[in-house]
Each structure stands twice: as C-alpha cells, then as structure tokens.
Amino acid sequence: MITEQEARAKGMDDVAVFLGIVDGEVIPDPTPSLTPNEKLHGRIVGTRMDPYHDVTIYEDGYEERYYIGD
C-alpha cells in the first residue's frame with residue numbers, strides 16, 4: 001500500500017489513483033481539499049435558504065448564491 005501523494009509522485013494519473021483507492025491499494029490523503037471559493041474566501045461558516053436561492057456564507061462575508069428555480 002502507498003499513500004496518494006506517493007502515487008502521484010510516481011506519475012499515476014487521477015483515474016489510476018481513484019481506482020487504487022477503490023481497490024484498497026492507495027491510501028487517500030486525510031486532508032480535505034478546498035474548493036476554489038474556499039481558497040479565495042475562507043471556510044464555509046453558514047448556509048441559508050432565500051426565495052429561489054440556496055446561499056453559502058464564507059468567513060470573509062462573501063455569499064455565494066445557487067439558483068434553485070424552475
């Protein structure tokens with residue numbers, strides 16, 4: 001068994017790493033990967049539902065809106 005970082009260092013692509021994790025040959029990294037918005041605005045501190053939108057609130061106060069209409 002090897003870790004995900006070791007597999008990537010050996011040149012394995014994303015599909016090979018995924019299949020290795022599914023087969024139990026590769027141990028996934030324990031650190032959660034951040035989304036691009038989390039990298040820019042910090043961690044998610046809250047969510048709420050507005051009419052026609054789901055809203056995600058980040059540490060710096062940025063609000064991301066997902067339209068949930070028809």
Evaluate the side-chain contact (heavy atoms from CB on, under 4.5 Å) criterion for residues Ile2 and Glu25: first the C-alpha distance (whole Å), next the side-chain angles of each, then the deciding distance (0.1 Å), finally the verdict.
-> CA-CA 7 Å; Ile2 60 174; Glu25 298 171 0; over 6 Å; no

Take Met1 and Val26 through the side-chain contact (heavy atoms from CB on, under 4.5 Å) test and state the conclusion after the steps.
-> CA-CA 6 Å; Met1 286 179 144; Val26 176; over 6 Å; no

In this structure, OG1 of Thr56 is separated from CZ of Arg65 (nearest 0.5 Å) by 10.5 Å

Donor-acceptor contact below 3.5 Å, side chain Asp50 vs main chain His53 | no

Salt bridge between Glu4 and Arg8, side-chain N to carboxylate O under 4.0 Å?
-> yes

Step through the shown structure and confirm whether more than 12 heavy atoms of other residues, nucleotides or ligands are within 6.0 Å of CZ on Arg48.
-> yes

For Glu64, which residues count as a side-chain hydrogen bond (donor to acceptor under 3.5 Å, both in side chains) partner, sequence neighbours excluded?
-> Asn37, Tyr58, Tyr66

Could you tell me the separation between the NZ atom of Lys39 and the CG atom of Leu34, rounded to the nearest 0.5 Å?
-> 6.5 Å

Joint hydrophobic cluster, Val17 plus Ile27, side-chain heavy atoms closer than 4.5 Å = no

Beyond-backbone contact of Gln5 with Asp29, side-chain heavy atoms, under 4.5 angstrom | yes

For atom CZ of Phe18, decide whether the heavy atoms of other residues, nucleotides or ligands shown that lie under 6.0 angstrom number more than 12.
-> no

Calculate, to the nearest 0.5 Å, the distance between atoms CD and CD1 belonging to Glu38 and Ile44 respectively.
-> 4.5 Å

How many angstroms lie between OG1 in Thr47 and CE in Met49, if you round to the nearest 0.5 Å?
-> 9.0 Å

Taking all heavy atoms of Ile68 and all of Asp54, pick out the closest pair and write down the distance.
-> CG2-OD2, 3.6 Å

